[in-house]
Amino acid sequence: FGDIDSGVWPEHPSFADLGNLDAPPAPAGGGSRECNYGDNPLTPAVDVFACQNKLIGGAHFTDFYDSFVGDDPTAGTARDSNGHGTHTASTSAGNIVDHAVVQGVDRGRIQGLAPGAWVMEYKVCGPGGCYPVDVTRAVEQAILDGVDVINYSISGGDQPFTDPVELAFLDAYAANVVVSASAGNSGPGAQTADHLSPWTITVGASTQDRMWLTDLNLTAGNGDTYTVEGTSIVGEGIDSPLPVVMAGSTPGYNDTLCLTPAPPGLFEGKIVACERGPNRVLKGFNVMQGGAEGMILYNPSL
């Protein structure tokens, strides 16, 4: 299984080698698959990740992105810097995790659709997005590596006969590689689906009832109250009321999307409201750098 995305965090339990998988076959074209996740930046020790019989490799194809944008803290490796690739790869082919503990709460057993699949990650995206020149190189390498299935959970492809990424997927199809691509997050109106090429399997999301609902309770200075239902993975709320500030109108920050780290102490004792957009996990991390006690993620429009 080849995932083309923003990389993966290789130490994630969904990619652990449980001893139930044999070693993968060698690439069809000979040689060996790249394994380039680098050192774990969250530990003081030098512990470069070594691929195993579940996560069998990882390669980065972000040369153009890195030279043009240059904001990726894990540049030069296949390590995920925003969580999206870890999310898509584990959803598709994550191994069995008997106890998924999130914020101290055991959410039970989880697994991907194909827990018995070998996983190869191709990093093509940085925090700010992806470029076709990087993606097409990754598709070419996936074919050479002998993947059976490519997953591409990223939008695009509404002009399949001129889009270089879609034409790379046509090469994959010709090499007997199944390409599964995302229909996108727009809709449900007409002509809102992505990846229209007839040589891909275009997948749209459905709904399910496994949601962790919570109430957000706000009180204005004049005593008016407002309660809205949302989702949260935190087991308990805050112990006492705290002021809520808008990230985009806070002097010294002024970042509506919370895509940059907040200065230390700026949000001490406050809850920060960030607008929905790319890199949701990174938003929380960025405001936490400023001492925030919590984050509200809101949609800019209904």
Side-chain angles (χ1 to χ4, degrees), residues 5-15 40-43 69 71-75 79-91 94 97 100-107 110 123 125-130 153-154 185 210-218 226-301:
D5 211 291
S6 64
V8 300
W9 198 263
E11 293 85 7
H12 192 286
S14 289
F15 306 113
N40 185 348
L42 300 184
T43 62
V69 183
D71 63 348
D72 187 355
T74 59
R79 188 174 287 270
D80 195 355
S81 62
N82 66 37
H84 191 267
T86 303
H87 151 60
T88 59
S90 60
T91 300
V97 178
V101 179
V102 183
Q103 299 284 344
V105 180
D106 190 343
R107 301 294 184 179
I110 62 171
K123 178 177 178 176
C125 303
C130 330
S153 295
I154 297 167
N185 295 328
R210 193 181 185 187
M211 300 180 67
W212 302 311
L213 299 177
T214 188
D215 287 335
L216 173 65
N217 301 296
L218 301 172
Y226 177 69
T227 298
V228 61
E229 186 179 68
T231 61
S232 175
I233 60 172
V234 179
E236 298 179 359
I238 57 176
D239 296 328
S240 58
L242 294 173
V244 177
V245 297
M246 301 297 292
S249 57
T250 300
Y253 192 59
N254 299 317
D255 184 349
T256 302
L257 292 170
C258 302
L259 296 180
T260 55
L266 180 65
F267 293 128
E268 199 73 41
K270 298 180 176 64
I271 295 173
V272 183
C274 300
E275 184 176 304
R276 181 181 181 272
N279 307 315
R280 286 167 285 185
V281 175
L282 185 63
K283 295 173 189 290
F285 180 78
N286 284 338
V287 298
M288 187 174 67
Q289 303 313 296
E293 297 291 334
M295 180 188 74
I296 298 170
L297 185 67
Y298 67 91
N299 278 318
S301 60

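Atoms considered below: every heavy atom in the structure, side chains included; atoms not considered: hydrogens, waters and symmetry mates. The structure presented is a predicted model; accordingly, all values stated were derived computationally and were not measured.
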Going by heavy atoms in the side chains, are R280 and L297 under 4.5 Å from each other? yes
Under the ring pair (Phe, Tyr, Trp, His ring centres under 6.0 Å) definition, can you give me all pairs with a residue in residues 264-284, not counting sequence neighbours? Y253-F267
Taken in chain and number order and not counting sequence neighbours, the residues that satisfy side chain to side chain contact (heavy atoms under 4.5 Å, CB included) with T86 are V8, W9, H12, F15, D80
Indicate yes or no: at least one non-hydrogen side-chain atom of L266 is less than 4.5 angstrom from one of E268. no
Checking V281 now: which residues fulfil side chain to side chain contact (heavy atoms under 4.5 Å, CB included) with it, not counting sequence neighbours? none
Would you tell me whether D255 and T260 have side-chain atoms, one donor and one acceptor, within less than 3.5 Å of each other? yes
First locate atom NZ of K283, then atom CZ of R276, and finally report the distance between them rounded to the nearest 0.5 Å. 9.0 Å
With sequence neighbours left out, what residues match D72 under salt bridge (charged side-chain N to carboxylate O under 4.0 Å, His left out)? K123
side-chain hydrogen bond (donor to acceptor under 3.5 Å, both in side chains) partners of S153, counting only residues at least two apart: N151
Contacts of S240 that satisfy side-chain hydrogen bond (donor to acceptor under 3.5 Å, both in side chains) - sequence neighbours left out: none
Mark yes or no for whether S90, through its side chain, and H87, through its backbone, hold a donor-acceptor pair below 3.5 Å. yes
Here the gap from L213 atom CG to S232 atom OG, rounded to the nearest 0.5 Å, amounts to 10.5 Å
Check whether more than 12 heavy atoms from other residues, nucleotides or ligands sit under 6.0 Å from atom CG of D239, and answer yes or no. no
Just jot down the side chain to side chain contact (heavy atoms under 4.5 Å, CB included) partners of T43, sequence neighbours excluded, or say none. N40, D47
Run the side-chain hydrogen bond (donor to acceptor under 3.5 Å, both in side chains) test against N254 and tell me which residues pass, sequence neighbours left out. none
Between the OG1 atom in T250 and the CE atom in M246, the distance rounded to the nearest 0.5 Å is 8.5 Å
Among all residues two or more places apart in sequence or in another chain, which pass the side-chain hydrogen bond (donor to acceptor under 3.5 Å, both in side chains) test with N185? none
Smallest heavy-atom separation, V244 atom then A273 atom, equals CG1-CB, 4.5 Å
Which is it for I296 and V272 under the side chain to side chain contact (heavy atoms under 4.5 Å, CB included) test, yes or no, and what are the steps along the way? CA-CA 6 Å; I296 298 170; V272 183; over 6 Å; no
Residues at least two apart in sequence or cross-chain that pass side chain to side chain contact (heavy atoms under 4.5 Å, CB included) with T256, listed by chain then number, are E275, Y298
Side-chain donor/acceptor of T214 to backbone N/O of G230, under 3.5 Å: no
Would you be so kind as to tabulate the donor-acceptor pairs closer than 3.5 Å made by side chains of residues 285-294, with sequence neighbours excluded?
| from | atom 1 | to | atom 2 | distance (Å) |
| --- | --- | --- | --- | --- |
| N286 | ND2 | C258 | O | 3.0 |
| N286 | ND2 | L259 | O | 3.3 |
| N286 | ND2 | L282 | O | 3.4 |
| Q289 | NE2 | F285 | O | 3.0 |

Give the intermediate values and the outcome of side-chain hydrogen bond (donor to acceptor under 3.5 Å, both in side chains) for residues T227 and D215. CA-CA 6 Å; T227 298; D215 287 335; over 6 Å; no
How many angstroms lie between atom CG of L257 and atom SG of C274, to the nearest 0.5 angstrom? 8.5 Å
